Structure formats: C-alpha cells, structure tokens
Amino acid sequence: MIRTRIAPSPTGDPHVGTAYVALANYAFAKRQGGKFVLRIEDTDQARSTPESEAAILRSLRWLGISWDEGPDVGGPHAPYRQSQRSALYEKYARELLEKGDAFRCFCSAARLEEMRETQRLLKQPSRYDGHCLKLSADESERRANAGEPFVIRLKVPDRGSITVDDMRRGPTVFEWNAVDMQVLMKSDGLPTYHLANVVDDHLMEITHVIRGEEWISSAPKHLLLYQYFGWKPPVLMHLPLLRNPDRSKLSKRKNPTSILFYERMGYLPEALLNFLGLLLAPVESEHEELFGLDDLSRRLDFGTISLGGPVFDVAKLDWLNGHYIRKKSPAELEEAFGEWTYDRAALHEIVALAQQRIERLSDLAPLCAFLFAGRVAVSRETLLSAKIDAETARKALALAMWRLDDGPLFDKATIEGELRAVADELGVKFRDLSRLYYVAISGSAASLPLFDSMVLLGRDLCRERLRTALAELGGVSAAEQKAWRAA
RNA sequence: GGCCCUAUCGUCUAGAGGCCUAGGACGCCGGGUUCUCAACCCGGUAACACGGGUUCGAAUCCCGUUGGGGCUACCA
C-alpha cells in the first residue's frame, strides 16, 4: 500500500508551493489506491500558530484536496500534530544517544558562528567540528544533569559517502565529510524537522516522500537516521521549486504566494488546481490541457517529470480561470460569486461606511468598487503629495508591508497601530502619510475609512496593493531592504 | 566560499539517437465573426546556452564552460 504525506509547517499563510506538493502527493497516492496523510510540523514553537494551521487546512480543502488521515479527521497514527508527539521524539533521541549515534552538544551560538566563519574562510564545507564529540559519556551526563543547556546532534561519519536515490534524478553521491552534524533535539526539548520527520514518516508508514527540491541536501542525514534506527527508508522524490518570474524561488517579497490571495483575487479552485497540475503532468496536445484531480492522478508520472523549476505564470492561470468561469452556467457563476463576495454582515458594514459619504444612491457602487476589485490602478502622481516625496513613500509602503505581514491578527486596531508606527518611524505625521495608503489601498485619496477598508479587503489583497503601489514608485532594492529592515 | 540540483520559443512544455525543415498551450501580433468589448475561429512571431567528444547520424549520450536554482540555523 502506497502512503504519502504533506507535512506543512503552520508558520504563515498557506503557500501555493504547499498546495503544489500536496497535489503531487495526493495524486501519486490515489493513482495506486494508496492513502494520503496530512501531518502538521509545528516543532518550531516560536513561529507556529493555530490560525496558520487552520488556514492551511481550509485552503487545501478549498482546492479540493482531501486527506485520509490528519489532525482534523484523525486516523490510526494519531496524533498528527508534532507538538503532541514530543514523548516519541524524546524516546528516539535517547535511543540514539545511548547507542552513540547522537551526542549532546553544549557549544554556544557564538562559538558555532565563529567556527562557520573560519570554515568559510578556509573554503571548507560548513560542518560541526565535533568539539563536543570528544566529551566522555560521564561528563556529558554530568553537565546535562547540572542543568547546562544542550542540543542533541546527529553523529555523522568522517569518511565515506552515501548514495541518495531519487525517483526522477536517480542516484546522487554525497561525501559524509560535507554533511553537517545536524541538531536533532533543540535545547527547548523539541525535535528539529530532521528527527521528527524521520520518526513520523516511519511510524506513519509513509512509503514515498515527495517533497520540494530544497530538501535534497538534507536527504543524507535523513537516510543516516533510518540506518541508525534500522528502519526501511521511504522512496524519495524531489519536486522542482516554483519560481518567481526572475527565476528565484517563489517568494512573497516578489509575488503573491498565498492560496488565500488567489482565492480573494477571485480565482476558481478548479483553475488553480488545473494550473498546478499542468506543472506536474505535462500535456502533448491542447485537448488534454484541461483536467481535474482524477485526471491528474491518472497522468502523473515522476519518471519523466520536468526538473527545470517552473515559473509561476499568472497569465496562464488567468486564461485557465477565464475558461472555467465561462464553462459555468449563469446559476453556477452566481453561486460562485456569492461564495466569493462579502457576507451579509460585511455588506451591511460597507453600506454603513458609505452612507455618510454619498449624496445619491448612484454614488454608492463607485465608492465601494475598490472593495470588490483585485488590484486598483495607481499612479505616481496620485500616490505622492506635497508632504510626502517618493523616497519617503517607498519606505512607508515597504515598512507597512513588513509590519502587516507578521502577527496572527489583521484587525482594525492592529492595522492602525502598525501604520501609525510607520509614521513615527519615519518622523512624519500620520495625517500626511495617510493619503499614500488611501491611494495604494483604494486607488483614490477620497474613499471609505482606511482601516475598515483594509480589514474588509483582508491581509492578502492589502499586501498586494501595497506591493503594486511600491512597484509603481520603483520598488525596493536588496540593499535598501536590508538597511530598512535592520533599522 | 563549500556541497548539490538544473538547462528546448518571453512563459509552461512535447521530445527518451534517425519520425525534428523541433510539436502544442499561454502571451504577443495580424485577420475573420460581431451593436462595443470579450469569447470563439484562422494565421503569424519565437527556442534546442556554448565548446568539445561518442556515433554513419545528437535537442536527445559523455565531458567541460557558462547561466539559473537550492542548501549551507537550536526554521521548516
């Protein structure tokens, strides 16, 4: 029985890359009557949030992807949330420690940093130097008992090599002396991805690990863990990474990456699914181009999948979306629009906000139109004012984007607080800066109240409008980004 | 810097030594249809990164160069 999994980390917006990998796993499992598991990798306590987890589950469901086992539907290998499986990882880490396949490391961050710097200078691979490997078992035990903080690292051989086999790429040889002695247990007692992932994949009987290409270089560590535990490793398949138009790894700095964005923008789930599917299962003729989940399962073939990282081509997505919109009956389209647009309560709110600002009923729709739009047209002239020059404006937009990105909440108070903080940071009055935000968000300097509008629009659309306005003013260079973020 | 992956039209790709004067789709351009615009139909533009091999024959195999990407955390 084939068993695959998607293991998202609930540390932010549901990413289209997650959907892409989930789709590959789902389709591969279903194609041979296997099971597809969803597991939440929330071992990063600082960054994981329940809001993010809920959004990821919801987004995948919205796309039409379902799972046989998962935190919400349960299953024979529950729990499916790593934060609830701590005892397991502790047990296995202890086993490695006892067998001498792992060791406690008491090194300070400063020492490790210095070590890496030296290694780079000497043109050597970055790798733990084995400092704490020399500690005797007694001393290691004694220091741990004395309460000294430590991590547990994987012991990696100094010589020899390992071959990683990939369904599409075939074998790749890695020299052990270039593989780092990865931390398996953090000082907070929680496992890192590397340990948790191996333990869970084994326990959950995952037969095929289909994941992004960024994991290739840690595959040797994972395989070594399977060896140490005496477990049969899964078959590996590394998918190429989705790219920005400039070919770098798809990132929200340069592109909308959140599934929520595409949903709010008015893309249909079947269109997004088809688009992602096209990147996984190429077609030979135009007659095969339109397909759904079942067809993807039938056609997916990792043996021939293209390995050049595909650019996320929104123009093609647009075309597909148009196709699916036209294919609907008017009644279906009406229903889709109803689901997409604001609910009754929000509509009430919108009308209330507009009421005092209109003189004729016919003023209502134009005033509110920006709330129903994806992007709005902005120009340099309307964005800038006598009080705010282009430099200040660019910085104000960039800072607003970054501030609004973090934090689980996107409510009125949060937005107001963050935007006012930007004004303070720039040493300008918020009143002078507000016009910029009004134009960026609504397309006009005369509009509905800003913070309310932003809540209604949601984080994803707001971020995209700020990004669009920023691009109109010339964008932000890498150097500026670094400097501004540091300050 | 080190290690690894990768390379066909602008983009997604077909191509598994002769079927390739390299096919399709999106985009773009032109035409048709039409009360406008879309949609639709027809046509066009456009690519095997480069250099060496192997072979009777290479987009396809090998090596090198170059380009792109990833990893290099007590993040995943």
Side-chain angles (χ1 to χ4, degrees), chain A residues 7-12 15 17-18 40-48 82 105-109 112-113 116-128 149-153 161 164 166 168-170 172-180 182-197 211-221 238-250 274-290 303-323 325-327:
Chain A
S9 172
T11 52
H15 199 278
T18 304
I40 294 294
E41 308 235 337
D42 55 352
T43 52
D44 183 346
Q45 267 194 314
R47 296 198 302 148
S48 297
Q82 291 187 330
C105 172
F106 300 89
C107 292
S108 68
L112 293 173
E113 209 169 299
R116 290 185 188 115
E117 205 174 314
T118 311
Q119 286 169 338
R120 187 174 278 246
L121 227 62
L122 263 36
K123 306 192 174 197
Q124 289 172 344
S126 181
R127 183 184 199 243
Y128 182 67
F150 64 88
V151 299
I152 297 178
R153 284 181 187 277
S161 62
V164 173
D166 178 278
R168 172 63 224 269
R169 284 163 238 261
T172 302
V173 177
F174 289 83
E175 296 297 325
W176 279 129
N177 62 19
V179 175
D180 200 6
Q182 185 61 53
V183 171
L184 300 176
M185 291 292 269
K186 298 178 272 187
S187 54
D188 64 4
L190 289 178
T192 58
Y193 168 84
H194 305 282
L195 207 221
N197 145 269
R211 69 218 312 187
E213 195 177 33
E214 77 254 54
W215 293 108
I216 290 185
S217 45
S218 30
K221 298 169 210 166
H238 294 95
L239 260 16
L241 263 18
L242 267 25
R243 311 284 187 91
N244 295 310
D246 69 1
R247 299 245 164 231
S248 55
K249 171 170 148 177
L250 192 64
N274 196 155
F275 174 73
L276 259 13
L278 241 17
L279 303 180
L280 289 165
V283 295
E284 282 189 49
S285 81
E286 64 177 306
H287 309 292
E288 313 167 32
E289 191 157 62
L290 303 162
T304 58
I305 190 172
S306 171
L307 293 179
V311 169
F312 194 94
D313 182 13
V314 183
K316 182 94 178 207
L317 210 208
D318 286 338
W319 173 77
L320 276 167
N321 206 55
H323 168 84
I325 287 206
R326 274 173 248 122
K327 227 176 68 174

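What you are looking at is a predicted structure, and each value in this text was computed from that prediction instead of being measured. Labels below follow one simple rule: chain letters A, B, ... track the order of the sequence lines, proteins then strands, and each chain is numbered from 1.
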If I pick the P atom on B:A25 and the same atom on B:C61, what distance separates them, to the nearest angstrom? 26 Å

Answer for the Watson-Crick or wobble partner of B:C40, both distances under 3.5 Å, is B:G32

note: A:Leu320, atom CG; B:U11, atom P; distance rounded to Å ~ 18 Å

For nucleotides 72-76 of chain B, print each protein N/O atom paired with a nucleotide N/O atom at under 3.5 Å, atom names and distance only.
unit_1 : atom_1 : unit_2   : atom_2 : d
B:U72  : O2'    : A:Ser126 : OG     : 3.1
B:A73  : OP2    : A:Arg116 : NE     : 3.1
B:C74  : OP2    : A:Arg116 : NH2    : 3.3
B:C74  : O2     : A:Ser187 : N      : 2.7
B:C74  : O2     : A:Ser187 : OG     : 2.7
B:C74  : N3     : A:Ser187 : OG     : 2.9
B:C75  : O2'    : A:Asp44  : OD2    : 2.8
B:C75  : O2'    : A:Arg47  : NH2    : 3.0
B:C75  : O2     : A:Arg47  : NH2    : 3.1
B:A76  : OP1    : A:Thr43  : OG1    : 2.8
B:A76  : OP1    : A:Lys186 : NZ     : 3.1
B:A76  : OP2    : A:Tyr193 : N      : 3.2
B:A76  : O3'    : A:Glu41  : OE1    : 3.2

Practice prompt. Sticking with atom P, work out how far B:G2 lies from B:A58, rounded to a whole angstrom.
Written response: 35 Å

Between CG of A:Asn244 and P of B:C12 the distance, given in whole Å, is 12 Å

Once base and sugar-phosphate atoms are separated, protein heavy atoms under 4.0 Å mark nucleotides 16-48 of chain B, 5' to 3', with B, S and - as --------SBSS-----------SS--------

Paired to B:A49 by Watson-Crick or G-U wobble criteria (both distances under 3.5 Å) is B:U65

Rounded to whole Å, the CD-P distance (A:Glu175 to B:G2) equals 16 Å

Any strand, both distances under 3.5 Å, Watson-Crick or G-U wobble: B:U11 pairs with B:A25

Please report the distance separating the P of B:A38 from the corresponding atom of B:G70, rounded so that it comes out in whole Å. 38 Å

At under 4.0 Å between heavy atoms, what does A:Phe174 touch on the DNA or RNA strands: base, sugar-phosphate, or nothing?
sugar-phosphate

Contacts of A:Phe174 meeting ring pair (Phe, Tyr, Trp, His ring centres under 6.0 Å) (sequence neighbours excluded), chain-then-number -> none

Residues passing the side-chain hydrogen bond (donor to acceptor under 3.5 Å, both in side chains) test with A:Gln119, sequence neighbours excluded, are none

Rounding to 0.5 Å, atoms OG1 (A:Thr43) and CG (A:Leu195) come to a distance of 10.0 Å

B:C71 -> Watson-Crick or G-U wobble partner, both distances under 3.5 Å, gives B:G2

In terms of side-chain geometry, is the basic nitrogen of A:Glu213 or A:Arg169 positioned less than 4.0 Å from the acidic oxygen of its partner? yes

Separation of B:C71 atom P from A:Leu241 atom CG, nearest Å, is 7 Å

Open item on the list: If I pick the C1' atom on B:G44 and the same atom on B:C9, what distance separates them, to the nearest angstrom?
Closed with: 14 Å

Whole-Å distance, A:Asn321 CG to B:C12 P, equals 20 Å

**Q.** Whole-Å C1' distance, B:U65 and B:U6
**A.** 15 Å

Chi angles and distances behind the side chain to side chain contact (heavy atoms under 4.5 Å, CB included) call for A:Gln82, A:Leu190
CA-CA 9 Å; A:Gln82 291 187 330; A:Leu190 289 178; over 6 Å; no

Whole-Å distance, A:Asp318 CG to B:C12 P, equals 16 Å

Residues at least two apart in sequence or cross-chain that pass side-chain hydrogen bond (donor to acceptor under 3.5 Å, both in side chains) with A:Lys221, listed by chain then number, are A:Gln182

### Query
Below 4.0 angstrom from OP1 or OP2 of B:A7, is there any side-chain N or O of A:Arg247?
no

Subject >> Rounded P spacing from B:C74 to B:A14 in Å >> reply: 39 Å

Those residues at least two apart in sequence (or on a different chain) that pass side-chain hydrogen bond (donor to acceptor under 3.5 Å, both in side chains) with A:Arg127 are A:Asp158

**Message:** For the P atoms, the ones on B:U8 and on B:G1, what distance do you get once it is rounded to whole angstrom?
**Reply:** 24 Å

May I have the list of side-chain donor-acceptor pairs in residues 276-287 of chain A shorter than 3.5 Å, sequence neighbours left out?
unit_1   : atom_1 : unit_2   : atom_2 : d
A:Ser285 : OG     : A:His287 : N      : 3.3

Can you check the distance between B:A59 and B:U13, where both ends of the measurement are the C1' atom (answer in whole Å)?
14 Å

Ring pair (Phe, Tyr, Trp, His ring centres under 6.0 Å) filter on A:His194, not counting sequence neighbours, yields A:His222

Rounded to whole Å, the CD1-P distance (A:Ile216 to B:C71) equals 11 Å

A:Asp44 meets the side-chain hydrogen bond (donor to acceptor under 3.5 Å, both in side chains) criterion, sequence neighbours left out, with A:Arg47

Checking N1-N3 plus N6-O4 or O6-N4 for Watson-Crick, or N1-O2 and O6-N3 for wobble, each under 3.5 Å, the partner of B:U60 is none

From CZ of A:Phe312 across to P of B:U13 the rounded distance in Å is 13 Å

Ranking A:Thr172 and A:Ser248 by the position along RNA chain B of their nearest nucleotide, the one closer to 5' is A:Thr172

- Message: Please check if the number of heavy atoms outside A:Glu288 that lie under 6.0 Å from its CD is greater than 12.
- Response: yes

